[in-house]
2 protein chains.
Amino acid sequence: MPESVSKPPLAESLHPVETGFVRFFVHLATTVGLPRSVGEIFGLLFASMAPVSFDEVVARLGISKGSASQGLRLLTQIGAVSQVYVRGDRRTFYLAETRMRQLFSKALQESLRPHLEGNSRHIGLLEETIEENAAALGPAAGHYRSRAHSLRVWNEKALALLPLLDMLSPLLAPFLPFNLVKSDSASEPDSKTS
Amino acid sequence: MPESVSKPPLAESLHPVETGFVRFFVHLATTVGLPRSVGEIFGLLFASMAPVSFDEVVARLGISKGSASQGLRLLTQIGAVSQVYVRGDRRTFYLAETRMRQLFSKALQESLRPHLEGNSRHIGLLEETIEENAAALGPAAGHYRSRAHSLRVWNEKALALLPLLDMLSPLLAPFLPFNLVKSDSASEPDSKTS
DNA sequence: GGTTAAGTTCAATCTTTTTTGAACCATTTG
DNA sequence: CAAATGGTTCAAAAAAGATTGAACTTAACC
């Protein structure tokens, strides 16, 4: 077998500088409520000059294939990394998204908005409950209405603010509010490059 | 013993309407990465017309004194509730902060800023590591420098943005980014009312 | 001062989330 | 087609986080 397809050097462990990047993103990930492994992976990709293959992620970070697979999927879903297909190599390579405004903007749309919409339904139910019990509640009904109403107002302001935030995203960058991506809905899971 | 000090009615369980509020805040709390019990407590207080005592929180929600104590402390620290001292009653009462801009603003200052400052130190270390290894790194050094630099830039923009966000807070209201309050630093732990 | 009530602390327990690893599926290669 | 490679899935193990409850502290009351 001619050793034609040059497997990259595949250093078995991390350079101190890489470790530094990984550390940074692990810290960020955990403060943001994401699994540590996701931070590790993103750190490695972010530090890397060239796209990194699945098996390299596993080997360099010393994490299981399972973690790597799930972590890379999550990062891909939220648009933090993209897949790069390299001609002549069967493996998939991954590349960190470094234009953070895109990252941020996508997170905003796909994570925040659904939450806020969820809230809105929630508040609707609450308001119904109040009305159902309004008679029995007597004067308290007014109080409850007003509290529920203020929830609604906040929520709607936040919702209205989303597009604005989106414009500001270049500034708000490198941290994302809360646990992203609970839901799903298929989107195009690919982006190609040679 | 004369039943002089009128313990409030102390309904043992929650009215459906209260349950609705509690549900809402439990949902919010968990999506934001806060313990469920904290959501329950805040929901109860938010729904209540009058300040609520510690033991009432315990009894109405059916949680342990430990949880109630810790939850109320957290909520107090982040400024989401304030303590109310009622003359003639030995117990401490708690009142939900309903002016959300204050809540938000405080969270911003006390939770976000420390994180960002932590990041900044972190990036400093990273940059040092890069310089220490610059020679050995050769041309890669430039690449690492530039990646680290972009981290720094994002972080500084975010930091610079804090005051601005603070002004916008009336809009950004009812959700707080990430796990609040890891650190401490004594602040005035009281606010009084009769 | 002694008793009681209010509230806090913290180790042990319960719950939830992450990670692992082995079994599996899908492609490619010879 | 069989063997090998790349990668995913998912049940079980491990780790992290939340909750409880009992012991403890502090202050009030008589």
Side-chain angles (χ1 to χ4, degrees), chain A residues 1-5 7-8 10 26 29-42 51-59 61-77 81 83-94 178-182 184 189-190, chain B residues 1-5 7-8 10 26 29-42 51-59 61-77 81 83-94 178-182 184 189-190:
Chain A
M1 178 199 280
E3 35 70 80
S4 56
V5 177
K7 303 270 182 194
L10 235 283
V26 164
T30 60
T31 83
V32 144
L34 251 32
R36 137 195 282 299
S37 64
V38 169
E40 296 180 297
I41 297 171
F42 190 78
V52 177
S53 66
F54 179 89
D55 58 322
E56 196 172 345
V57 169
V58 171
L61 294 173
I63 63 180
S64 69
K65 289 203 293 174
S67 281
S69 179
Q70 293 185 179
L72 284 167
R73 178 166 36 157
L74 172 65
L75 287 167
T76 304
Q77 279 177 359
V81 315
Q83 301 184 327
V84 176
Y85 294 96
V86 173
R87 213 176 123 74
D89 196 321
R90 236 172 112 183
R91 297 168 300 173
T92 310
F93 288 75
Y94 296 88
F178 19 125
N179 319 328
L180 322 133
V181 182
K182 189 78 37 166
D184 40 34
D190 51 8
Chain B
M1 177 195 281
E3 34 70 80
S4 57
V5 177
K7 303 269 182 193
L10 235 282
V26 164
T30 59
T31 83
V32 144
L34 251 35
R36 149 194 241 59
S37 65
V38 169
E40 295 180 298
I41 297 171
F42 189 78
V52 178
S53 68
F54 180 89
D55 58 323
E56 197 173 344
V57 169
V58 170
L61 293 173
I63 62 180
S64 69
K65 290 203 292 173
S67 281
S69 178
Q70 293 186 181
L72 284 168
R73 178 165 35 153
L74 172 65
L75 287 167
T76 304
Q77 279 176 357
V81 315
Q83 302 185 329
V84 176
Y85 293 95
V86 173
R87 214 176 121 74
D89 196 321
R90 238 170 112 183
R91 297 167 301 172
T92 309
F93 288 76
Y94 296 88
F178 20 122
N179 320 325
L180 322 132
V181 183
K182 189 78 33 163
D184 41 33
D190 52 7

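Excluded from the calculations below are hydrogen atoms, water molecules and symmetry mates; all remaining heavy atoms, backbone and side chain alike, are included. Here is how names work: the chains are called A, B, and so on, in the same order as the sequence lines, proteins then strands, and each is numbered from 1.
- Scanning both residues, B/Pro35 and B/Ala29, for their nearest heavy atoms gives O-CB, 4.0 Å.
- Considering only side-chain N and O atoms, A/Thr92 lies under 4.0 angstrom from the phosphate OP1 or OP2 of D/dG7.
- In this structure, OH in B/Tyr85 is found 5.0 Å from OG1 in B/Thr92, a value given to the nearest 0.5 Å.
- The interatomic distance linking B/Tyr94 (OH) with C/dG7 (C1') rounds to 8 Å, in whole Å.
- A/Arg87 places its CZ atom 13 Å from the P atom of C/dT28, with the value rounded to the nearest Å.
- Note: A/Leu34 CG to A/Ile41 CD1 = 10.5 Å, rounded to the nearest 0.5 Å.
- The nearest whole Å value for the distance from the CZ atom in A/Arg73 to the C1' atom in C/dT18 is 14 Å.
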side-chain contact (heavy atoms from CB on, under 4.5 Å) evaluation trace for B/Phe93 with B/Val52: CA-CA 5 Å; B/Phe93 288 76; B/Val52 178; 5.6 Å; no

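- Side-chain contact between A/Tyr94 and A/Val84: absent, with no pair of heavy atoms (C-beta onward) separated by less than 4.5 Å.
- Within residues 62-69 of chain A, the residues having any heavy atom closer than 4.0 Å to DNA chain C are, in order of number, A/Ile63, A/Ser64, A/Gly66, A/Ser67.
- Atom CG of A/Asp55 is separated from atom C1' of D/dA4 by 14 Å (rounded to the nearest Å).
- When the P atom of D/dG6 is taken as reference, atom OH of A/Tyr85 falls 15 Å away, rounded to whole Å.
- For the atom pair CG of B/Leu72 and OG of B/Ser67, the computed distance is 10.0 Å after rounding to the nearest 0.5 Å.
- B/Ala68 is linked by a side chain to side chain contact (heavy atoms under 4.5 Å, CB included) to B/Phe54, B/Val57, B/Val58, B/Ile63, counting only residues two or more places apart in sequence or in another chain.
- Partners of A/Arg73 under the side chain to side chain contact (heavy atoms under 4.5 Å, CB included) rule, at least two apart in sequence or in another chain, are A/Gln70, A/Gln77.
- Across the protein-nucleic acid pair, B/Gln83 atom CD and C/dG7 atom C1' stand 11 Å apart, rounded to whole Å.
- Scanning residues 35-42 of chain A for heavy-atom distances under 4.0 Å to DNA chain D yields an empty list.
- Note that the two end axes of the helix from C/dG1-D/dC30 to C/dG30-D/dC1 enclose an angle of 10°, each drawn from 5 base pairs, rounded to 10 degrees.
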Identify each atom pair where a protein N or O and an N or O of nucleotides 26-30 of chain D are less than 3.5 Å apart, giving names and distance.
from, atom 1, to, atom 2, distance (Å)
D/dA27, N3, B/Arg90, NH2, 3.3
D/dA28, O4', B/Arg90, NE, 3.4

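- Taking all atoms of both residues into account, the shortest heavy-atom contact from B/Arg91 to B/Asp55 is NH1-OD2, 3.1 Å.
- The nearest whole Å value for the distance from the CD atom in B/Gln70 to the C1' atom in D/dA18 is 8 Å.
- For the pair B/Leu74 CG and C/dG7 C1', the computed distance is 17 Å after rounding to whole Å.
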